[in-house]
Amino acid sequence: MSLDARAARALLAFYLEAGADALVGEQPVDRMADEPAAAAREAENPAQAKPARESSGLRHGRERPAPAATPPAPAPPPPEVAAMAAREAASGAKTLDELRALLENFRGCALHATATQLVFADGNPRGRVMFVGEAPGYEEDLSGRPFVGRSGKLLDRMMEAIGLDRESAYIANVVPWRPPGNRTPTPQETAICLPFIRRQIELADPDILVCLGQPSTQTLLGTREGITRTRGRWFKYDTGSREIRALATLHPAYLLRQPLQKRLAWRDFLAIKKALAG
Ligand code: URA
């Protein structure tokens with residue numbers, strides 16, 4: 001591979017890592033160019049291109065007025081301020097629809113700016129079981145629904161095995177926006193989103209909460225140990241209105257990478273079935 005090709009690959013890998021995983025145009029645009037439109041004109045018709053001095057804004061020795069700049073997007077508030085705003089906003093939501101609307105307009109978490117859309121929930125909010133994952137991935141970001149990619153398909157099959165589906169169970173994530181490049185949400189992002197998922201659980205009011213994977217378990221159940229220690233254990237979860245049962249289990253994405261661990265997840269799902277029957 002030539003040096004140029006290697007450099008191009010490394011640059012693409014960097015973009016991907018940073019979350020730039022979709023094309024927005026057919027042609028590359030040099031955003032560092034002084035005047036992109038003039039550069040494009042010159043490329044199309046070099047003979048009629050204006051002298052560089054003119055195209056850079058100097059005409060007859062006088063400055064051309066600068067074009068009106070688009071005001072920059074306001075910077076998000078500091079995390080502690082955003083977390084406080086999130087708590088206030090979330091506690092004011094009287095219904096899940098209100099909560100969704102609040103989140104649609106909430107600007108305290110910078111992830112909203114890089115995500116395609118909010119991924120609020122899927123399934124039946126009146127279901128007796130609520131599953132909560134970590135954060136949406138690429139396909140969830142595009143569709144606006146949690147767990148629709150490969151791990152979502154596995155979750156569907158696991159639910160089906162114990163008689164559940166998206167008509168009878170409710171599904172959400174701790175963080176409702178996709179982090180760029182599927183990176184792990186930062187502790188600050190998680191802290192900002194926490195009041196919203198807590199309120200979502202309270203308003204959905206399931207009998208059983210299932211935390212999918214370690215981040216969801218640690219965030220919602222306050223555990224410190226790893227998921228291999230906490231999985232299969234029942235916890236008490238205070239929704240704010242009542243105490244319900246919560247189970248920690250392995251994340252379907254982990255099970256896709258470690259299929260032998262599915263036997264453990266199967267035990268957990270049988271425990272959910274039993275708890276629902278009891
Ligand atoms: N992983 C998650 O934690 N949530 C999703 O919605 C998809 C994948």
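Read the numbers this way: they start at 1 and go in the same order the structure lists the ligands and their atoms.
- Ranking the protein heavy atoms by distance from atom 8 (C) of ligand 1 puts Ser151 OG, 3.7 Å first.
- Look at Asp268 and Lys262 and you find no salt bridge, because none of the NZ, NE, NH1 or NH2 atoms lies under 4.0 Å from a carboxylate O.
- Aromatic ring centroids of His251 and Phe147 lie under 6.0 Å apart.
- Note on ligand 1: Ala135 sits in its first shell, one or more heavy atoms being nearer than 4.0 Å.
- Taking the charged nitrogens against the carboxylate oxygens, Glu225 and Arg233 do have a contact shorter than 4.0 Å, which makes a salt bridge.
- If you number the atoms of ligand 1 from 1 as listed, the ones under 4.0 Å from a heavy atom of Pro146 come out as 6 (O).
- Salt bridge annotation for Asp205-Arg126: absent, with no cationic side-chain nitrogen under 4.0 angstrom from a carboxylate oxygen.
- Contact atoms of ligand 1 toward His251: 1 (N), 2 (C), 3 (O) (distance under 4.0 Å to a heavy atom of the residue).
- Ligand 1 has no N or O atom lying under 3.5 Å from any N or O atom of Gly133, backbone or side chain.
- Looking only at protein heavy atoms, the nearest one to atom 4 (N) of ligand 1 is Asn173 OD1, 2.8 Å.
- If you look at Glu134 next to ligand 1, the close heavy atoms, those under 4.0 Å, come from the backbone and the side chain alike.
- Using a 4.5 Å cut-off on side-chain heavy atoms (C-beta onward), Tyr170 and Gln200 make contact.
- Electrostatic pairing of Arg166 and Glu160 does not count as a salt bridge here, judged by no charged N lying under 4.0 Å from a carboxylate O.
- Not a single heavy atom of Glu139 sits closer than 4.0 Å to an atom of ligand 1.
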